[in-house]
Amino acid sequence: MTATLDRPVIDTATVTDDVDRHPVRPSLQLVPSSRREDVEATTSLTPEQIEELGRRLDAIRDRVLAERGESDAAYIRKVISSQRALEIGGRALLFAGVLPPAWIAGTAMLSIAKIMENMEIGHNVMHGQWDWMRDPKIHSSTWEWDNVSLSAEWRNSHNYMHHTYTNVVGKDRDVGYGILRLSEEQKWNPYYLGNPVYNFLLSLFFQWGVALHDLEVEKVVQGQKPLSRVWEQVKSIGRKAAKQFTKDYVVFPALAGPFFLPVLAGNLTANLVRNVWSHAVIFCGHFPTGAVQFTEEQLEGETRGQWYVRQMLGSANLEGGTFFHLMTGQLSFQIEHHLFPDLPSNRYAEVAPEVRELCREYGLEYTTGSLGKQYLQVLRTINRLALPGGKR
Amino acid sequence: MFRVAPLRPGRRLLAAATAMTTPLLPEDFLGLIDPLWSTTQLRGRVVARRRETDRAVSVTIEPGRDWDGHRAGQYVRVGIDVDGVRHWRSYSLSGPQDADHLTITVQAVPDGIVSQKLVRDLPIGTIVQLEQAQGDFVLPDAPSPLLMVTAGSGITPVMGMLRTLDAAGAVPDVVVVHSAPSAEDSIFAAELAAMAERRSGLRVITRHTGEQGRLDLAELDELVPDWRDRDAYVCGPSELLDAAGTHWAATPDRLRVERFTAPARSTGGSGGRVEYGDRAVDVEPGTSLLEAGEAAGVLMPSGCRMGICFGCVLPLRDGQVRDLRTGDVHGEPGDLVQTCISGASGTARLDTP
């Protein structure tokens, strides 16, 4: 993890200041993910400090849970109705898509609507963030998103596999999506020379990547998963994908009659924009420089405090304004989301300063940066790991 | 105003439109214009509120088009959002049965989350969730002499019956014996008096229990000497219903009662007996519903086992559960509970997959 060192964890001015307030302030020692050590060894925190940190994070969580109410419910309802209005507006404008300004505006609106639907609404609703409202229309068990990946499959691969085993190479299938080499832990072979190309294609076809990712084909190869289960999944993904395809590439273009082509092109572009955007945001959540990876051995006997530390160290935030946060589905607060995946997303911005302060106090890296900077780091990692000797 | 009428004969059209709205339904978009245009969720809009007493209001609701109407005396389940959380409660319909709008009359109970909201703070225009009217506490098809014995808000379904008879101009021989703590607390007092004035068949006997004490059903011999010859409808607190059961023991088919049962609440404490489908399991304090179910051989859905993935949720049918992380006891029938982080707090019942 040498790359981390070119960016100081905290500037020296703060350090001197901190020494007075936190006499036992531990120092951060990020270890390469190839070293077989537990989370405690990833930092120099004592087990007591880690559990204390866990309790303090629990306290933040409990406070937000107790405060949840009317204004949070109003927030998600407003986001949902705005998203639907945008989608209607975008599609309506595209019917006039022979006029370039209408095409551009319509495509932009539809792209934004699709991004909001996937990121701020779908992802967060399926995390159960809004289940407490007991509205069956906005509930993790009923929500289906505008994406070829089936929500039921995705809840397993994302909510369970990814959020439980965050950044654990071999367990968290988001590390590389079964396609890319994103960790030194993944043994190099000549296939990985194509890493940059696979990543480019994955970003274009991201929703398909996610859907196929749910199949866990490698487990079939390893004999851990029966082929019949994969076939069931393929059929249901196929049904979902057919409906999605028909809507965007048959029904709406056909409704436009002679203006078939502009509508088709607009819908195709909106899906592409959504794919490229969500790929960028999601990859920046865990793979920029500074985000730590873990080994399966580190999971053994993991305590709640250690789990929290792993979530913090394995995630990275993005900086931006309110609209940017909305468009990332608040995954710009990836660290907070990983600590509290079922807290309403509109609350992450509010707890972020507290989490950041805790990280500072305990000497843990709080990885954050602009989208451009983080994405360049991700690309650098992908390029380096294409080669056998490459380090993250 | 533009109504959704053109769509009704065209349910097929609506189904075809789902090709444009998938994975959502057309109503999810139409709902931006009017939330009542839903074909999967019956909803209503509050159009009027009328204060009946200091702690009771009548709320008039315009239902969505799928509302089938009700028979006088029935109740309706209403889902209302309080502090962002949806709560379902049953309320008697107090309006006449052929009205376009439905009316419920609600008396606030001291800690009632929903009744307090309805009585104190329910703006006109609020959207509520509805189910179809239910219940067999209804008027007989051919009314014979009737006796209504009611107490407190138990008058509400009876009021629905009386208004229905009144609207049809066919009030038969009806005696209403209504108990309320005081004149101020007596819901519909003025309207009942006016109706009795107008309809010779109706006799209303009011008992103010604050001054005169509770009604003993033995007093019926004096108040309504021919009570045995009447079809009796009794609605009120469970003590009254139990007493009625005893009083009409000889002629049970003459008696109809309406019992409002509150949802089963936690009896408190940690641990308890939980039914998983048809299997009862004793859940130790501190043990999660998931672990206890698995240990007993119930086929349980599971996931992260730490409360993050929502892969283990099961619907709660009865009782409440304890959040093992916070100690918070919660739950209402129909809630999906995360079994991996929930323990028992008294008896409860879960639906298994």
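Naming convention: chains lettered A, B, ... in sequence-line order (proteins, then strands); numbering from 1 in each chain.
To the nearest 0.5 Å, atom OH of residue A:Y160 and atom OG of residue B:S302 are 6.5 Å apart. Distance check: A:W132 CH2 to B:R86 CZ gives 11.5 Å after rounding to the nearest 0.5 Å. Taken to the nearest 0.5 Å, the CZ atom of B:F310 stands 8.0 Å off from the CG atom of A:N159.
For the options A:I80, A:N156, A:D146, heavy-atom pairs under 4.5 Å to chain B are most numerous at A:D146. Contact count against chain B (heavy-atom pairs under 4.5 Å) is highest for A:K137 among A:K137, A:Q244, A:R155, A:R77. For chain B, the option among A:M126, A:R304, A:H139 with the highest count of heavy-atom pairs below 4.5 Å is A:H139. Of the listed residues A:M161, A:R91, A:E144, the one with more heavy-atom pairs under 4.5 angstrom with chain B than any other is A:E144. For the set A:D58, A:D135, A:D131, A:T246, the entry with the most heavy-atom pairs within less than 4.5 Å of chain B is A:D135. Residue with the most contacts toward chain A among B:T21, B:L32, B:L24: B:L32 (heavy-atom pairs, distance under 4.5 Å).
Dense packing is recorded around CG of B:D121, with more than 12 heavy atoms of other residues, nucleotides or ligands lying under 6.0 Å away. Atom CG of B:L299 sits in a sparse spot, with 12 or fewer heavy atoms from other residues, nucleotides or ligands closer than 6.0 Å.
Distance alone, capped at 3.5 Å, places no donor-acceptor pair between the A:R134 side chain and the B:V85 backbone. No donor-acceptor pair closer than 3.5 Å links the side chain of A:K243 to the backbone N or O of B:T22.
The shortest heavy-atom contact between A:W145 and B:P23 is O-CG, 3.3 Å. Pairing each heavy atom of A:A73 with each of B:G84, the nearest pair is CB-CA, 3.7 Å.
With a threshold of 4.5 angstrom between heavy atoms, B:L25 approaches chain A through side-chain atoms but not through N, CA, C or O. For B:R325, the part sitting under 4.5 Å from any heavy atom of chain A is the side chain, from C-beta outward, and nothing else. Using a 4.5 Å cut-off between heavy atoms, A:S81 contacts chain B through both its backbone and its side chain. Using a 4.5 Å cut-off between heavy atoms, B:Q129 makes no contact with chain A at all. Heavy atoms closer than 4.5 Å to chain A are found nowhere in B:T18, neither backbone nor side chain. Proximity to chain B is absent for every atom of A:W130, based on heavy atoms less than 4.5 angstrom apart. Interface residue A:S141: only side-chain heavy atoms are found under 4.5 Å from chain B.
Between B:C309 and A:H162 there is no side-chain heavy-atom pair separated by less than 4.5 Å. Here the side chains of A:W307 and B:I308 are in contact, with some heavy-atom distance below 4.5 Å. Inter-residue side-chain proximity for A:R84 and B:D28 is flagged as met; some heavy-atom pair is nearer than 4.5 Å.
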Apply side chain to side chain contact (heavy atoms under 4.5 Å, CB included) to the pair A:F252 and B:M20, showing each step before the final yes or no. CA-CA 7 Å; A:F252 276 104; B:M20 296 199 288; 3.7 Å; yes
